[in-house]
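For the numbers below, each heavy atom of this structure counts, side chains included, while hydrogens, waters and symmetry mates do not.
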Amino acid sequence: MIGPIKTVGIYVTDQENALAFYRDILGFELRRDLPMGESIRWIEVAPPGAQTCLVLYPRSAMKNWAERRSSAVFHCPDVEGLCNELSTKGVKITMPPSHLPWGTFAMIADPDGNELGLTTQELA
């Protein structure tokens, strides 16, 4: 039996900058911050209470990072309100909230251009 998603890798240029974005702007919790050698760390962040974490993985440690793309979508009861709030904090909205048959959907970007989806679609 396959369980819930544990982590989704997000390839970042600067781990400190990415951590500040996810923790301080998006309000994620820091779940793990462990050394993985001299210059990189294993950093996991997640929305409060979530089971799944994002791993802020340094691009420098993944030579083929450009071929790998993150695709994470988060449930959000008020996509429009959150996009308005994040926009005032300087977050780039790459797809404004759109009303679709299954719910409202929008996309935002982190400082490295990784896109994250936001949806009102109920969890299965």
Side-chain angles (χ1 to χ4, degrees):
M1 174 176 165
I2 297 174
I5 296 170
K6 173 65 176 119
T7 62
V8 174
I10 302 288
Y11 303 103
V12 302
T13 305
D14 180 323
Q15 286 184 298
E16 281 301 321
N17 187 44
L19 177 58
F21 175 80
Y22 285 95
R23 181 190 57 214
D24 303 338
I25 294 177
L26 296 186
F28 285 21
E29 299 172 336
L30 174 63
R31 298 279 179 88
R32 282 188 183 79
D33 189 348
L34 305 168
M36 286 183 57
E38 287 186 33
S39 61
I40 63 172
R41 297 159 27 213
W42 182 265
I43 301 173
E44 289 183 17
V45 296
Q51 289 182 320
T52 303
C53 293
L54 300 181
V55 175
L56 306 179
Y57 201 82
R59 290 178 176 176
S60 62
M62 183 65 69
K63 298 304 176 204
N64 65 341
W65 69 265
E67 290 90 41
R68 297 172 178 248
R69 291 286 175 227
S70 305
S71 180
V73 177
F74 296 92
H75 178 262
C76 176
D78 181 8
V79 171
E80 291 177 8
L82 181 60
C83 284
N84 288 336
E85 176 187 334
L86 294 176
S87 181
T88 65
K89 295 180 178 180
V91 175
K92 182 178 180 183
I93 309 298
T94 59
M95 179 184 163
S98 300
H99 299 284
L100 304 168
W102 45 264
T104 303
F105 183 78
M107 296 198 71
I108 63 172
D110 74 4
D112 288 291
N114 295 303
E115 290 187 307
L116 305 171
L118 305 171
T119 183
T120 59
Q121 182 180 26
E122 289 299 319
L123 304 172

For [X] against [Y], the heavy-atom pair lying closest together:
| X | Y | answer |
| --- | --- | --- |
| I93 | S87 | CG1-CB, 4.4 Å |
| I108 | V91 | CB-CG1, 3.9 Å |
| L118 | L82 | CD1-CD2, 4.0 Å |
| Y11 | D112 | O-CB, 4.2 Å |
| P58 | Q15 | CD-NE2, 3.4 Å |
| P47 | T52 | CD-O, 4.3 Å |

Once you round to the nearest 0.5 Å, how far does [atom1] of [X] lie from [atom2] of [Y]?
| X | Y | atom1 | atom2 | result |
| --- | --- | --- | --- | --- |
| R23 | E29 | CZ | CD | 12.5 Å |
| L56 | I40 | CG | CD1 | 12.5 Å |
| I25 | K89 | CD1 | NZ | 7.5 Å |
| Q51 | T7 | CD | OG1 | 13.0 Å |

Contacts of type side-chain contact (heavy atoms from CB on, under 4.5 Å), residue D14, not counting sequence neighbours: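 E16, N17.
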side-chain contact (heavy atoms from CB on, under 4.5 Å) partners for L30, two or more places apart: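 Here the qualifying residues are L19, D33, I43, V45.
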F105 side chain near V79 side chain, heavy-atom distance below 4.5 Å: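 Contact flag for F105/V79 side chains = no.
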Which residues pass the side-chain hydrogen bond (donor to acceptor under 3.5 Å, both in side chains) test with [X], not counting sequence neighbours?
| X | answer |
| --- | --- |
| T104 | H99 |
| S98 | none |
| Y22 | D110 |

F74: ring-ring contact (aromatic ring centres under 6.0 Å, His included) partners, not counting sequence neighbours: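 Per chain and number, F74 pairs via ring-ring contact (aromatic ring centres under 6.0 Å, His included) with F28.
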Full working for salt bridge (charged side-chain N to carboxylate O under 4.0 Å, His left out) between E44 and R32: CA-CA 5 Å; E44 289 183 17; R32 282 188 183 79; 2.9 Å; yes
